[in-house]
Amino acid sequence: MIEFIESRGLKIYTGYQVYKPREDSFLMSDILLEEKIAVDDLIEIGPGTGIILLTLAKSNPNFSYHAVEINFEAALLTRKNSIANELDTIQVICSDNLKPFRKNSIPRIVVFNPPYLPVDPEIDPYTPKYELYQLVGGDKGYETLNTTISLLDSLHYPVALYCIISSLSINPVDFAKLHKQWDTSIMTSQNMGFEVIWVLRMTRSN
Ligand SMILES: C[S@@+](CC[C@H](N)C(=O)[O-])C[C@H]1O[C@@H](n2cnc3c(N)ncnc32)[C@H](O)[C@@H]1O
């Protein structure tokens with residue numbers, strides 16, 4: 001069932017198979033606005049409803065934005081919300097991560113609020129794929145994000161990755177140690193009681 005919410009001056013259609021905008025979505029949106037990112041060269045992985053890109057597009061309607069989303073319903077919803085807000089500047093490809101891109105054709109700024117929870121051994125084995133894609137990043141929780149980082153590692157130009165990790169998976173110090181060739185900064189964090197989430201900016205010179 002498609003529902004409709006109004007958030008930060010945006011009309012957002014949601015769907016039960018698609019991640020609803022929440023704390024992490026707004027935390028990432030706010031950081032990107034603060035960073036005053038104003039470029040055509042930006043891609044979001046996993047836009048869900050499109051909330052993050054729509055927030056950027058509202059503030060900078062003269063740029064175009066790219067997205068890749070593994071869940072077809074979410075890809076369609078991002079386009080629907082783009083049109084509903086008269087911000088027809090977002091194009092979405094339904095794909096797994098950045099895998100369809102030719103080497104060295106990936107935009108220089110990459111945004112990913114990934115599924116960041118570890119596999120729960122108690123989880124219902126019949127949990128639908130779309131729900132796992134929203135929440136579970138692998139056995140340790142950060143494997144989906146690591147796939148993105150590996151794909152970016154092969155580029156021959158500088159890139160910046162804005163991403164989120166959770167204390168239920170790993171902390172920023174240990175995560176940075178896994179990716180020593182990247183400069184990792186904590187942009188902000190939020191303590192949600194049962195977990196802390198951090199927005200990271202990771203840059204790699206080339
Ligand atoms: C935590 S939700 C974030 C949604 C939205 N960006 C937000 O902040 O509200 C993660 C999103 O990533 C998508 N996703 C998960 N794995 C993916 C992959 N391998 N490639 C592309 N999208 C993926 C999910 O379908 C989901 O829409």
Side-chain angles (χ1 to χ4, degrees), residues 2-8 10-33 37 42-58 65-82 85 87 90-101 106-107 109-120 127-152 161-169 187-188 190 192 195-200:
I2 289 194
E3 293 166 8
F4 178 78
I5 56 173
E6 296 227 38
S7 171
R8 300 180 166 195
L10 293 165
K11 303 170 202 134
I12 303 287
Y13 290 96
T14 66
Y16 79 97
Q17 295 190 11
V18 181
Y19 193 79
K20 288 200 177 47
R22 56 195 81 161
E23 290 91 339
D24 49 3
S25 325
F26 298 122
L27 215 53
M28 178 65 88
S29 305
D30 289 345
I31 285 298
L32 297 175
L33 284 181
I37 292 176
L42 182 148
I43 188 161
E44 182 181 9
I45 306 170
T49 57
I51 182 72
I52 294 173
L53 287 184
L54 287 164
T55 307
L56 279 183
K58 189 164 188 268
Y65 301 87
H66 310 274
V68 286
E69 170 58 68
I70 203 162
N71 172 354
F72 186 60
E73 297 304 320
L76 288 180
L77 209 50
T78 294
R79 279 294 304 147
K80 185 180 170 91
N81 283 326
S82 174
N85 288 279
L87 294 167
I90 300 173
Q91 62 177 349
V92 193
I93 301 170
C94 188
S95 92
D96 179 1
N97 222 308
L98 298 167
K99 291 176 188 171
F101 281 81
I106 295 173
I109 299 183
V110 179
V111 174
F112 196 7
N113 175 13
Y116 47 65
L117 298 180
V119 168
D120 179 350
T127 304
K129 270 252 165 76
Y130 63 79
E131 203 174 312
L132 297 174
Y133 286 143
Q134 293 173 26
L135 302 174
V136 179
D139 285 346
K140 297 198 172 86
Y142 49 80
E143 288 88 339
T144 302
L145 186 54
N146 272 356
T147 301
T148 305
I149 294 173
S150 306
L151 290 163
L152 297 177
L161 168 66
Y162 292 83
C163 58
I164 296 187
I165 57 168
S166 156
S167 59
L168 298 176
S169 165
M187 306 306 289
T188 188
Q190 187 158 337
M192 308 214 276
E195 70 172 339
V196 179
I197 57 171
W198 293 274
V199 178
L200 306 180

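Each ligand, and each atom within it, is numbered from 1 in the order the structure gives. As a basis for the values below, the full set of heavy atoms in this structure was taken, side chains included, without hydrogen atoms, waters or symmetry mates. Nothing here was measured: the structure is a model prediction, and the numbers come from that model. Start at 1 with the first residue, then count along the sequence.
- Remark: the backbone N or O of K99 is not paired with any side-chain donor or acceptor of N97 at under 3.5 angstrom.
- No donor-acceptor distance shorter than 3.5 angstrom exists from the side chain of S167 to the backbone of E195, with no hydrogens or angles considered.
- Listed by chain and number, the residues in a side chain to side chain contact (heavy atoms under 4.5 Å, CB included) with E143 are D139, K140 (sequence neighbours excluded).
- The backbone N or O of Y13 sits less than 3.5 Å from a side-chain atom of N81, completing a donor-acceptor pair.
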Provide, line by line, the atom pairs where ligand 1 and the protein bring an N/O atom each to a distance under 3.5 Å; else say none.
from, atom 1, to, atom 2, distance (Å)
ligand 1, 6 (N), E44, OE2, 3.0
ligand 1, 6 (N), G46, O, 2.8
ligand 1, 8 (O), S25, OG, 3.3
ligand 1, 8 (O), N113, ND2, 2.9
ligand 1, 9 (O), S25, OG, 2.8
ligand 1, 19 (N), D96, OD1, 2.8
ligand 1, 20 (N), N97, N, 2.7
ligand 1, 22 (N), I70, N, 3.2
ligand 1, 25 (O), E69, OE2, 2.6
ligand 1, 27 (O), E69, OE1, 2.8
ligand 1, 27 (O), E69, OE2, 3.4

Could you pull out all donor-acceptor pairs under 3.5 Å where a side-chain atom in residues 44-55 meets a protein atom, sequence neighbours excluded?
from, atom 1, to, atom 2, distance (Å)
T49, OG1, I51, N, 3.4
T55, OG1, I51, O, 2.6

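- Residue pairs satisfying the salt bridge (Lys or Arg N to Asp or Glu O under 4.0 Å) criterion with at least one member in residues 18-32, sequence neighbours excluded, are listed as follows: R8-D30.
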